[in-house]
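One structure is given here, and the rest of the page talks about it.
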Amino acid sequence: MEPTRLAAEREAALQREAASWAAPTDPELIPWATEAEIPVLDLGPYFASGKVDDLEAVARRLREAADATGFHYVSNHGVPSSLIEEAFDAARRFHALPAEQKSRLAMDTLPSKDSEVRAGCGYIETANRKLPAREKANMVAAFIVKREIGPRDVILDKMPWPDENVLGDAIAGFRATVERYCAAMEALALRMLPIYAVALGLRPGWFDAAFRAPLFRLRLSAYEATPRGEYGINPHVDTSFFTILAPSGPGLIVQTRTKGNRAWVRAPHKPEAFVINFGELLAQITNDSWPATRHYALNPAESAIAHGCDGGTFKHLRFSLPFFFNATPTYPMAVLPTCTDSENPPRYPPMSYLEGQGVAQGE
Ligand SMILES: O=C(O)CCC(=O)C(=O)O
Ligand SMILES: [Fe+2]
């Protein structure tokens with residue numbers, strides 16, 4: 001079957017499957033994850049020394065996390081907390097702009113000459129049915145930019161940035177901050193690749209060739225208090241290789257699969273750490289041995305206030321900054337040699353992100 005058809009069919013199958021995930025909208029019904037269920041990988045020792053022993057130690061932890069639950073945090077990642085705060089502040093200032101200004105940057109109304117380059121970028125308002133497209137609305141607003149070096153030349157310059165000349169102080173420095181945050185996230189993602197390679201039984205530089213011109217997408221999301229019975233963002237898996245997520249407060253719910261038993265748990269908020277979600281591209285090359293993380297989010301502001309906490313730094317709004325990280329979008333990604341054998345043949349033909357997950361993402 002043609003790879004793109006295959007990918008489209010996979011997305012359709014995934015949507016059907018997602019409809020059957022029993023994901024409670026009331027966070028009170030969901031237990032908090034234990035430390036064992038969601039391990040924190042300390043990147044500090046390996047990043048500081050660059051030594052093989054430290055690489056192998058953190059890779060072992062990753063392997064355990066992947067086998068046990070398929071989800072983890074990273075701490076001592078080297079991204080300054082001041083930059084993360086600035087990025088949250090940029091998100092806050094963007095979402096505080098007048099609705100009329102934001103609607104000029106709306107994802108589906110951008111000029112057609114840029115529509116291919118800007119597919120999936122720009123502003124989506126709250127109560128949208130995009131990303132993911134599901135029956136229930138996503139009670140989240142977002143501003144999305146991406147960078148894709150390659151034939152389509154999707155550079156940050158071509159993103160629908162708010163006009164700082166027109167909007168003045170309210171948004172001054174926004175683009176510079178977002179670009180600095182993207183650069184820091186990309187550098188972190190690239191530094192994490194050897195850990196992923198070693199955890200998968202490969203040499204540290206295994207992923208270098210596939211990630212020469214990585215595609216990334218950054219989303220600045222704002223969740224108002226999620227009404228009862230609704231989702232902030234519907235249950236889904238990310239299309240990425242992995243996603244590095246910074247939430248401003250609690251509200252992320254993930255499905256663990258401890259000893260094969262799937263269970264929804266509330267991910268505790270760890271301001272000093274990033275959350276890492278495995279995406280579909282990683283699932284593809286691991287022959288589904290590292291499945292994409294099922295997750296959703298809501299802003300439990302009301303329940304947080306009832307429990308004597310103000311819902312995070314930003315009171316009633318919850319912000320999150322997911323950085324979706326991918327290989328070079330045209331690079332054919334084959335199932336890894338360590339994830340297949342004669343009894344477990346590859347489930348997927350070599351397929352680039354653009355031929356595969358990118359189809360469902362509307363690239
Ligand atoms: O806001 C969150 O914690 C998760 C967001 C998310 O899953 C996404 O945007 O893909
Ligand atoms: Fe996600």
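By convention here, the first residue in the shown sequence is residue 1. When a ligand or atom number is given, it counts from 1 through the structure's own listing order.
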With heavy atoms and a 4.0 Å threshold, my read on which part of Ile233 contacts ligand 1 is side chain
Does Tyr296 come within less than 4.0 Å of ligand 1, judged by its heavy atoms?
no
Looking at Tyr223, which atoms of ligand 1 are within less than 4.0 Å of one of its heavy atoms?
1 (O), 2 (C), 4 (C), 5 (C)
Please work out whether any backbone atom (N, CA, C, O) or any side-chain heavy atom from C-beta onward of Leu245 is under 4.0 Å from ligand 1, and answer side chain, backbone, both or neither.
side chain
Measure from the side-chain N and O atoms of His72 to the backbone N and O of Asn277, and report whether any donor-acceptor pair falls under 3.5 Å.
no
Does Asp169 CG have over 12 foreign heavy atoms under 6.0 Å away?
no
Do the side chain of Thr328 and the main chain of Ala210 share a donor and acceptor less than 3.5 angstrom apart?
yes
Measuring from non-hydrogen atoms of Ser221 to any atom of ligand 1, is the shortest distance under 4.0 Å?
no
Is there a donor-acceptor contact under 3.5 Å from the side chain of Asn138 to the main chain of Val140?
no
Subset of ligand 1 atoms that lie under 4.0 Å from at least one heavy atom of Arg219:
9 (O)
A student checking ligand 1 against Ala297 at a 4.0 Å heavy-atom cut-off should list atoms 1 (O), 2 (C), 3 (O), 4 (C)
Please identify which atoms of ligand 1 are closer than 4.0 Å to at least one heavy atom of His236.
6 (C), 7 (O), 8 (C), 10 (O)
Between the Fe ion (ligand 2) and His295, which N, O or S atom of the residue is the nearest one?
NE2
Determine whether Phe143 and Phe174 satisfy the following criterion, ring-ring contact (aromatic ring centres under 6.0 Å, His included), listing intermediate values before the conclusion.
CA-CA 12 Å; Phe143 177 69; Phe174 174 80; 5.8 Å; yes
Scan residues 190-215 for pairs that pass salt bridge (Lys or Arg N to Asp or Glu O under 4.0 Å), counting only residues two or more places apart or in two chains.
none
Enumerated ligand 1 atoms positioned under 4.0 Å from heavy atoms of Asp238
10 (O)
Under a 3.5 Å threshold, yes or no: a donor from one side chain and an acceptor from the other, between Thr25 and Tyr296?
no
In ligand 1, which numbered atoms sit nearer than 4.0 Å to a non-hydrogen atom of Ser320?
1 (O), 2 (C)
Members sharing Phe324's hydrophobic cluster (side chains within less than 4.5 Å):
none
